There are 2 protein chains.
Amino acid sequence: MSQRNTGVTSQVVNAQACPVREVLDRVAGKWSVQILVAASHGPIRFTELERGIEGISRRMLTLTLRNLERDGLVTRTVHPTVPPRVEYELTPVALELHETLQRLTDWAEHNRHYIAQARAVYDAEHRPELLDV
Amino acid sequence: MSQRNTGVTSQVVNAQACPVREVLDRVAGKWSVQILVAASHGPIRFTELERGIEGISRRMLTLTLRNLERDGLVTRTVHPTVPPRVEYELTPVALELHETLQRLTDWAEHNRHYIAQARAVYDAEHRPELLDV
DNA sequence: CAGTATCCAGAGAGATACTG
DNA sequence: CAGTATCTCTCTGGATACTG
């Protein structure tokens, strides 16, 4: 993917038509990915997720799960027992997504030092104040 | 960082240690990806970006570019002419990222109908009000 | 247990006037 | 041209009390 810029256009990307946006809207949230990862090993209960995902609030867990469910990425199964038992499980489509995300992770893993260093350099050059706070 | 860890340690995901988070923090912003895409064909000027990316404000364009630059994903080259001419170009690392994002795009493209339908079904079942607004 | 309802603070983001 | 400086407002997300 390396065509050169003709210098002309730049009608670039339309946010609405752009599938990248769609994915990211679905995945980019602070918690979505963590839920996908946490649930990738099989069915998992609400409280397990709550305890497993450091720092998530009950509210956000619920909201995020609802959205994932709405998009057909997780299924929600209520076992009518007392006390109630609700299990969440990834759908096949979500498992695919999880795999795809793995690629992104690899990229991050692979380039984390590069980025960290780039930041350090940038900060040193553009915001020296930050160094001696 | 809230310290309300309830006994059982989470072995799931630690936000800080998780490289997925790192990628997404970098990419998830409303504009980052669009800039990466817009610049993927070669050097591009500030105003070209501004015009090419529908709906972006001058402020957000600047902020996002600065962040990408800070992370070593774009380079900023000032040509000392009058009027000034500044060009942004993706670094090799960013080009890799762009390619990786392509995978995600493919996933979205491939499953967009599934998701759209899942949503429709969910909304019909859980929020009938929305149907006759 | 598995949520919902509520209140509240801060980051994200739009609009735009001004400047080297 | 390529930004910076402000002001404003919305929306996200945290904390937590309450409930079937």
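First the proteins, then the strands, lettered A, B, ... as listed; each starts at 1. The shown structure was predicted, so the numbers you read here are calculated from the model rather than taken from an experiment. Reckoned from all heavy atoms, side chains included, excluding hydrogens, waters and symmetry mates.
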What nucleotide, of [options], holds the atom closest to the side chain of [X]?
X	options	result
A/Arg76	C/dG3, D/dA5, D/dG3	C/dG3
A/Arg45	C/dC1, C/dG3, D/dA2	C/dC1
A/Thr62	D/dG3, C/dG3, D/dG13	C/dG3
A/Trp31	C/dG14, D/dG20, D/dG14	D/dG14
B/Met60	C/dA13, D/dT16, C/dC1	C/dA13
A/Pro83	D/dG3, C/dC1, D/dG14	C/dC1

Open item on the list: Quick check against the 3.5 Å criterion: does A/Tyr122 have a side-chain atom that pairs as donor or acceptor with the backbone of B/Gly72?
Closed with: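 Here the side-chain-to-backbone pair does not exist.
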- [ ] Look only at the side chain of B/His98 and the backbone of B/Ala94, and say whether a donor-acceptor pair between them is shorter than 3.5 Å.
- [x]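 Absent.
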Atom pair distance, as rounded to whole Å: [atom1] in [X] and [atom2] in [N]:
X	N	atom1	atom2	value
B/Ile35	C/dA13	CD1	C1'	13 Å
B/Arg66	D/dG3	CZ	C1'	7 Å
B/Ile44	D/dC1	CD1	P	15 Å
B/Phe46	D/dT4	CZ	P	8 Å
A/Leu63	C/dT6	CG	P	14 Å
A/Leu49	C/dG3	CG	P	10 Å
B/Glu48	D/dG3	CD	P	13 Å
B/Ile56	C/dA15	CD1	C1'	14 Å

Just to confirm, is there a sub-4.0 Å distance from OP1 or OP2 of [N] to any side-chain nitrogen or oxygen of [X]?
X	N	value
A/Ser57	D/dA15	no
A/Tyr88	C/dG3	yes
A/Arg59	C/dT4	no

Task: Per-nucleotide pairing state of DNA chain D [Watson-Crick or G-U, under 3.5 Å; [ ] pseudoknot-crossing; | other strand] - done: ||||||||||||||||||||
How far does [atom1] of [X] sit from [atom2] of [Y], to the nearest 0.5 angstrom?
X	Y	atom1	atom2	value
B/Ser40	B/Ile35	OG	CD1	12.0 Å
A/Leu104	A/Glu99	CG	CD	13.5 Å
B/Leu61	B/Leu65	CG	CG	4.5 Å

Task: Test item: A/Leu68 and A/Tyr88 side chains (from C-beta on) under 4.5 Å apart, heavy atoms - done: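 Answer no - side chains too far apart.
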Open item on the list: Any salt bridge linking A/Arg51 with A/Glu48? Criterion: basic side-chain nitrogen under 4.0 Å from a carboxylate oxygen.
Closed with: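 A salt bridge is absent here (no side-chain N lies under 4.0 Å from a carboxylate O).
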Task: Option among A/Leu90, A/Val33, A/Asp71, A/Leu36 that satisfies the side-chain contact (heavy atoms from CB on, under 4.5 Å) test with A/Leu97 - done: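 Going through A/Leu90, A/Val33, A/Asp71, A/Leu36 one by one, the side-chain contact (heavy atoms from CB on, under 4.5 Å) with A/Leu97 is satisfied by A/Leu36 alone.
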TODO: Between A/Lys30 and B/Arg58, just flag the one whose closest nucleotide in DNA chain D comes earlier from the 5' side.
DONE: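 Going by which nucleotide is closer to the 5' end, it is B/Arg58.
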